[in-house]
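See structure below.
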Number of protein chains: 2
Amino acid sequence: MSPRTGEQNAQIKDERREQILTAALKVFALRGFAATRVGDVAAEAGLSHGLVYHYFASKEEMFYELVSRAVYYSGQSLVMVDGMPIEPIEKVRQTAKYIMGGIEAGQETSYYFLVVIHAGVMESSPERDKFFQGSTVAVDTMEKILREGQRMGQVREGNPAEMSVMFFSAIMGLAVYNITMPGFRMPDPELLVSMVSK
Amino acid sequence: MSPRTGEQNAQIKDERREQILTAALKVFALRGFAATRVGDVAAEAGLSHGLVYHYFASKEEMFYELVSRAVYYSGQSLVMVDGMPIEPIEKVRQTAKYIMGGIEAGQETSYYFLVVIHAGVMESSPERDKFFQGSTVAVDTMEKILREGQRMGQVREGNPAEMSVMFFSAIMGLAVYNITMPGFRMPDPELLVSMVSK
DNA sequence: GTCTATATCCAGATAGAC
DNA sequence: GTCTATCTGGATATAGAC
């Protein structure tokens, strides 16, 4: 084989893998891990059942690849917001607006949150627990933002770690609500901001 | 058979049924519907696998009996709180303290919330959707409390329906957090109160 | 790389003994 | 009323053809 063909193959392989993961994200988010059949993912991706196993060793591996990405992306978004040249309370506002908008739109943002929720409420296992140990970047970054906001007199008194947890709890709950109730209307993000602002 | 024996049998039947439901509540809450095996419930209840089917037609029926109770109980708690001779903002405070305390203790309160969450994130079905149509009592009652609080100048301006949804979203998220993270420490309920108070 | 066919296992549900 | 044994369907994962 020439290098050219090898490269092309590698590219196809990557594309297929992403194609499967995109389908899997949606299906896992909407049904959870146990209720999802590998055949459902294959159908959503428009591929054969067997091919999925050419790219992933197991249904579990596929799922945790998504959980892993979800945790990583959520951490990165917060780090990015934190890097913006705006005031702390404005960072909180941007985060609330961005995430809630994404959930309401029912796209990837929403799916990633739901996958994390499904993973969280799954029966505990070594595999599962591993992913929630490195999952504190988003919460920790928000805590840091809130602490800074307190120093600048923009954020109310109280434990910033607890506030951060409450912030993300509310967002997770909204993701659940949004998928539970058809026709759910997202509340004003400003409510979340007011929870922590002075 | 004498009437006496009939009554005794009926009582045993009721007790067994409750015994099974108590076990099922815990197992469903911790694993979700699809991942729960009927054998798991039987084992938790200390009964044989087959006996469960003497009391319930299917795994689904068992699950939705629990969802139904969860929805009913949560509605009733709110109605009860609303009936107390205290100020609106104090009703909000009592609700937050009571529910968050129950979740932290990891007992029935927590399990009922988790069952509702599992039901909510399950794939949509006619069976499932039925239960979420009559499930608005708690949210509606909280909305009413908040509206009254606004009239009395205790609750901040804004859409009380949205505030109520946000309130319960945060609580659902906390239930998820609590089961996701081992050693999770519940935030101060006062944070939730401050979200809606003036 | 992709598909179809199949092996294998496991869980929901039932039957029948006690 | 309770249990053990069993039927049966369906889902994960694999094998092998193209």
Side-chain angles (χ1 to χ4, degrees), chain A residues 1-24 27-28 30-66 118 122-123 125 127-128, chain B residues 1-24 27-28 30-67 118-119 122-123 125 127-128:
Chain A
M1 285 210 209
S2 72
R4 191 65 196 264
T5 307
E7 272 178 36
Q8 285 178 335
N9 278 347
Q11 195 190 337
I12 287 176
K13 215 177 151 161
D14 269 9
E15 281 173 10
R16 279 282 166 283
R17 205 182 138 88
E18 290 306 312
Q19 180 182 351
I20 292 169
L21 280 174
T22 301
V27 181
F28 278 129
L30 264 31
R31 307 192 190 176
F33 178 76
T36 293
R37 291 158 295 196
V38 173
D40 298 333
V41 174
E44 176 74 28
L47 302 168
S48 79
H49 170 193
L51 191 60
V52 173
Y53 284 95
H54 189 72
Y55 291 94
F56 297 91
S58 67
K59 182 174 133 177
E60 245 199 336
E61 184 187 304
M62 210 179 3
F63 183 68
Y64 282 115
E65 169 71 30
L66 290 171
H118 281 296
M122 270 172 71
E123 191 178 11
S125 75
E127 257 298 307
R128 191 205 79 132
Chain B
M1 284 207 212
S2 73
R4 191 67 196 261
T5 307
E7 271 179 36
Q8 285 177 337
N9 279 348
Q11 196 189 337
I12 288 176
K13 212 176 154 167
D14 268 9
E15 281 173 11
R16 279 283 165 285
R17 204 183 140 88
E18 289 307 311
Q19 181 183 351
I20 293 169
L21 280 173
T22 302
V27 181
F28 278 129
L30 263 32
R31 306 190 192 177
F33 177 76
T36 293
R37 290 158 296 198
V38 174
D40 297 333
V41 174
E44 176 73 28
L47 302 167
S48 79
H49 171 191
L51 191 60
V52 173
Y53 285 95
H54 189 71
Y55 290 93
F56 297 92
S58 68
K59 182 175 138 181
E60 246 199 336
E61 184 188 303
M62 211 179 3
F63 182 69
Y64 281 116
E65 168 72 29
L66 291 171
V67 177
H118 281 297
M122 271 172 71
E123 191 178 12
S125 75
E127 258 298 306
R128 191 205 79 133

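Each chain gets a letter, A, B and so on, in the order its sequence line appears, and its residues count up from 1.
B:Lys59 contributes a side-chain N or O that, together with a main-chain N or O of B:Phe33, makes up a donor-acceptor pair within less than 3.5 Å. A donor-acceptor pair under 3.5 Å links the side-chain atoms of A:Asp40 to the main chain of A:Arg37, judged by distance alone.
Using a 4.0 Å cut-off between charged side-chain N and carboxylate O, A:Glu65 and A:Arg17 make a salt bridge.
With sequence neighbours excluded, no residue satisfies ring-ring contact (aromatic ring centres under 6.0 Å, His included) with A:Tyr53.
Between the side chains of B:Gln19 and B:Glu15, no donor-acceptor pair of N or O atoms lies under 3.5 Å.
Nucleotide C:dG12 holds its C1' atom 15 Å from the CD1 atom of B:Ile20, rounded to whole Å.
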Completion exercise
For nucleotides 2-18 of chain D, 5' to 3', base contacts (B), sugar-phosphate-only contacts (S) and non-contacts (-) with protein non-hydrogen atoms under 4.0 Å give BBB------SBBB----

